[in-house]
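Heads up: the structure comes next, in structure tokens.
Naming convention: chains lettered A, B, ... in sequence-line order (proteins, then strands); numbering from 1 in each chain.
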Amino acid sequence: MSDSPNDSTASPKPMHFIREMISEDVKAGKNGGKVVTRFPPEPNGYLHIGHAKAICLDFGMAQEFGGICHLRMDDTNPAKESVEYVENIKKDVRWLGWDWGEHFFYSSHYFERMYEVARDLIRKSNAYVCELTQEEWKEYRGAPTRPGKESPYRNRSVEENLDLFARMRAGEFPDGTLCLRAKIDMASPNIHLRDPVLYRIMRERHYLTGDDWCIYPMYDFAHPLEDAFEGITHSLCTLEFEVHRPLYDWVVDHLEGLTTRPRQIEFARLNLTYTVMSKRKLLELVQKKLVNGWDDPRMPTISGLRRRGVPPEAIRAFCEEIGITKYESLTDVALLEYCIRQALNKTAQRRMAVLQPLPVTIENAGDLPTSVEATNNPEDPSAGARQIPFGAKLFIERDDFMEVPPPKYFRLSPGKTVRIRYAGFLTCTGVEKNDDGTVSGITCRWDPAGSADQGQRHHSLGARRLHA
RNA sequence: UGCCCGAUGGUGUAACGGUAGCACAGCAGAUUCUGGAUCUGUUUGUCUAGGUUCAAAUCCUAGUCGGGCAACCA
């Protein structure tokens, strides 16, 4: 991270509930006063503006409280993941201005350790191998309004469970047959506590572990373990995981020898008007070639925004501006655009272009300079200046001339004088027309120092046509 | 129908029992050199009903509305 942690003299940031919770934990000396967060994307797509909110929160909180933030690839489902995604996620996080230092991890690197934790759960009769088919399970699971019933395989002996689990790993059973379940409470009003699946059989080549495994841990089992293994103190995630928290805590509670106690805190994800934010739909746009890849400038991805010319500080400012709450909201894209303009105004070099050219012929061409000096950025003197060509044949925007001007029209019309940027004044002296009566060009007299009529002035010029 | 979460102007948020503030958007002006910029001004709000209190956006109760949860996805 580029800056030292904020102290109390730094610009005060609004006190959202997460900042408050962490602050209290630190004050109370929880986890030795340390703050360790993590950003844990699944490498199954590119990061988008919604992820930026999470990234800025995860890394931002760590920075503010003098802690660290891990970057972790949550790659427990090999069916959808790839190195391409891993590399681009790293690139995007770095581009946004965050630094994970040495703390880059893969969930898949913990597979062996997770397997041992699972065996431990079995030994303590907290997990069992279940042979119910997925169809049968639907029946056993019950419904939100109706309790479930216990699996007939729920009370096998520890030995039998250990043996079956080992054979699952060894590849003795077909995909989707047996699974390992936590033994919790089939009558719980929270469905996630009704003996959730911990491991499933899936023969799928993992982009890192290859064919080493044919069983993979489920998110609800893997995530708390990853957090615990890495010493995460504050595990920030989005609202839809709120009902998973009791299960997260259950897993953490069944771990031994923990020095830090990870805590899951949920916040509302970002929704933007007129913006598709679901990874699934973005993937579809890419696969159906409706866009030119993940970094198409029309995409709301970080890489798309980057290609569009959006500076990272604009995205960070935006994430700071939207705040953190616990209720779903729909943010107006206008706020993003405002943040982008704000950032660009300070850094972007200015150029002029004429979109709908109207030829201008200058009568007193003998006095003309061949070029004029233009400021590169009025808000940043260090950006310097540039010479732009000038001459007797110019173009102005068609909209900037009207033969018969309406009231309060402050641009060019016959007899009026207007300032042209960086290059003196033009007074319209004549109009040239096509056979059909449309204006084909105008003639003007040029004056380097005159004054414009009323407050009027205008506009850009192009001594030659440029094709952008 | 069960459980969990939430509700402040058009939008995003602040106010932590004591004057409802800020930003975006909108509107109206200003501006002889960014007219999609800048500056000034301005409209609009505590979901409802009870209760506690000298005092409620804030605490309590009920209701209403919205979101989430029944993947061997994350």
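For Glu42(A) against C73(B), no side-chain N or O and base N or O form a donor-acceptor pair under 3.5 Å.
Under the Watson-Crick or G-U wobble criterion, with both distances below 3.5 Å, C69(B) is paired with G2(B). In this entry C59(B) has G51(B) as its Watson-Crick or G-U wobble partner, both defining distances falling under 3.5 Å. For A20(B), there is no paired base (Watson-Crick or G-U wobble, both distances below 3.5 Å). Nucleotide G41(B) forms a Watson-Crick or G-U wobble pair with C27(B), both donor-acceptor distances falling under 3.5 Å. Searching all strands for a Watson-Crick or G-U wobble partner of G36(B) with both distances below 3.5 Å returns nothing. Under the Watson-Crick and G-U wobble criteria, each requiring two contacts below 3.5 Å, nucleotide U64(B) is paired to A7(B). Pairing of A14(B), defined by two Watson-Crick or G-U wobble distances under 3.5 Å, is not identified with any nucleotide. Under the Watson-Crick and G-U wobble criteria, each requiring two contacts below 3.5 Å, nucleotide A74(B) is left unpaired.
A salt bridge links Arg72(A) with Glu226(A): at least one charged nitrogen is closer than 4.0 Å to a carboxylate oxygen. Using a 4.0 Å cut-off between charged nitrogen and carboxylate oxygen, Glu135(A) and Lys138(A) count as a salt-bridge pair. Remark: Arg119(A) engages Glu116(A) in a salt bridge, criterion side-chain N to carboxylate O under 4.0 Å. Note on Lys149(A) versus Glu139(A): no salt bridge recorded, every NZ/NE/NH1/NH2 to OD/OE distance being 4.0 Å or above.
At C4(B), none of the side-chain N or O atoms of Arg245(A) fall inside 4.0 Å of OP1 or OP2 (strictly under the cut-off). At least one side-chain nitrogen or oxygen of Tyr327(A) sits closer than 4.0 Å to the OP1 or OP2 atom of U13(B). Side-chain nitrogen and oxygen atoms of Arg194(A) include none within less than 4.0 Å of the OP1 or OP2 phosphate oxygen of C69(B). One finds no side-chain N or O of Thr325(A) lying less than 4.0 angstrom from the OP1 or OP2 phosphate oxygen of G6(B). Note on Arg141(A): every side-chain N or O is 4.0 Å or more away from OP1 and OP2 of C69(B). Between Thr76(A) and the phosphate of A74(B), there is a side-chain N or O to OP1/OP2 separation shorter than 4.0 Å. Side-chain nitrogen and oxygen atoms of Arg341(A) include none within less than 4.0 Å of the OP1 or OP2 phosphate oxygen of U34(B). Regarding contacts with the backbone of C24(B), a side-chain N or O of Tyr338(A) is found under 4.0 angstrom from either OP1 or OP2.
Looking at heavy-atom distances under 4.0 Å, Leu132(A) makes contact with a base. Asn345(A) comes within contact range of at least one nucleobase, with a heavy-atom separation under 4.0 Å. Heavy atoms of Met202(A) sit nowhere under 4.0 angstrom from any nucleic acid atom. Contacts of Gly323(A) with the nucleic acid, taken as non-hydrogen atoms under 4.0 Å apart, are absent. Among the heavy atoms of the strands lying under 4.0 Å from Pro217(A) are primed sugar atoms or P, OP1, OP2 only; no base atom is included. Among the heavy atoms of the strands, none lies under 4.0 Å from His223(A). Here Leu335(A) lies in heavy-atom contact (under 4.0 Å) with sugar-phosphate atoms only.
Comparing the C1' positions of U19(B) and A14(B) gives a spacing of 15 Å, expressed to the nearest Å. Rounded to whole Å, the C1' atom of A23(B) lies 26 Å from the corresponding atom of A56(B). Atom name C1', nucleotides U8(B) and A70(B): the rounded distance is 34 Å, in whole Å. Spacing of C1' atoms, U11(B) relative to A71(B), comes out at 35 Å, to the nearest Å. A25(B) and U38(B) have their P atoms separated by 9 Å, given to the nearest Å. For the C1' atoms, the distance from C33(B) to C27(B) is 27 Å, rounded to whole Å. On the P atoms, U58(B) is 14 Å away from G51(B), given to the nearest whole Å. The gap from the C1' atom of G12(B) to that of U46(B) amounts to 16 Å, rounded to the nearest Å.
The six-membered or imidazole ring of Tyr216(A) lies near that of Phe111(A), with a centre-to-centre distance under 6.0 Å. A distance below 6.0 Å separates the ring centres of Tyr115(A) and Phe165(A). Checked against the 6.0 Å centroid criterion, the rings of Tyr219(A) and Phe241(A) qualify as a close aromatic pair.
Toward the 5' end of RNA chain B, the nearer of the two residues Lys80(A) and Gln342(A), judged by each one's closest nucleotide, is Gln342(A). With the nearest nucleotide of RNA chain B identified for both Asn190(A) and Cys179(A), Asn190(A) has the one nearer the 5' end.
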